[in-house]
Amino acid sequence: MPKADLNVKGMVKNRHLSKSISDVGWSTFRQWVEYFGRKYGKLTIAVSPQNTSQNCSNCGQKVQKSLSTRTHICHHCGYVEDRDINAAKNILQKALSTLGLVTVG
Ligand SMILES: [Zn+2]
């Protein structure tokens with residue numbers, strides 16, 4: 001398995017995540033995303049999910065939070081964002097960095 005793949009086995013061991021992940025079937029989901037990316041001529045990039053929820057997308061510092069904490073509040077730079085949007089920004093940044101691109105702001 002390439003390093004960038006989602007750690008499905010590890011995530012399923014987390015009892016809070018296991019049911020939803022098993023229901024969705026991440027491997028199948030990823031195959032769909034890649035299939036539709038090819039079909040519509042869009043680039044798809046798998047990135048390591050490590051720390052995408054924990055790191056601040058504004059300053060890069062780690063901000064530990066439990067799964068129930070839905071708002072990212074950075075004690076380092078003061079950045080406040082919805083947890084999932086903060087993670088999405090980190091994921092986008094990781095994907096762009098594999099292309100040699102860096103977002104500004
Ligand atoms: Zn920050």
Side-chain angles (χ1 to χ4, degrees):
M1 174 188 288
K3 209 171 190 180
D5 278 356
L6 281 171
N7 180 7
V8 176
K9 278 184 186 170
M11 292 167 83
V12 169
K13 283 179 189 164
N14 178 326
R15 63 188 175 88
H16 297 294
L17 297 173
S18 61
K19 186 174 187 314
S20 55
I21 289 168
S22 297
D23 287 350
V24 173
W26 282 106
S27 297
T28 302
F29 174 72
R30 183 175 164 183
Q31 286 170 1
W32 284 358
V33 170
E34 290 174 351
Y35 168 78
F36 284 107
R38 280 194 299 276
K39 183 173 179 177
Y40 293 106
K42 302 294 183 186
L43 181 64
T44 60
I45 302 170
V47 301
S48 167
Q50 190 170 27
N51 292 326
T52 50
S53 297
Q54 304 298 328
N55 288 353
C56 177
S57 63
N58 190 53
C59 73
Q61 292 291 314
K62 194 168 195 174
V63 181
Q64 288 284 359
K65 57 183 86 64
S66 69
L67 192 59
S68 62
T69 303
R70 303 310 305 169
T71 303
H72 168 82
I73 302 170
C74 182
H75 307 292
H76 304 280
C77 72
Y79 184 65
V80 178
E81 183 58 273
D82 176 87
R83 175 199 179 97
D84 295 335
I85 292 175
N86 179 65
K89 288 181 175 180
N90 284 330
I91 291 165
L92 176 61
Q93 184 68 27
K94 279 190 171 192
L96 291 175
S97 71
T98 68
L99 302 175
L101 301 174
V102 178
T103 56
V104 176

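Just so it is clear, the structure is predicted and the values come from calculations on it, not from any experiment. Just so you know, ligand 1 is whichever comes first in the structure, and atom 1 is the first atom listed for that ligand.
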Within a strict 4.5 Å, meaning less than it, do heavy atoms of the [X] and [Y] side chains meet?
X	Y	value
Cys59	Tyr79	no
Asn86	Thr52	no
Cys77	Gln61	no

Measuring to the Zn ion (ligand 1), does Cys59 have an N/O/S atom at a distance below 2.8 Å?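 True for Cys59.
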Do you see an N/O/S atom of His75, backbone or side chain, under 2.8 Å from the Zn ion (ligand 1)?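 It does not: His75 brings no N, O or S atom closer than 2.8 Å to the Zn ion (ligand 1).
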The Zn ion (ligand 1) as vertex, arms to SG of Cys74 and SG of Cys77: angle to 10°?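 Here the angle at the metal atom is close to 110°, to 10°.
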Under the 3.5 angstrom rule, does the side chain of Arg70 hit a backbone N or O of Asp82 as a donor-acceptor pair? no
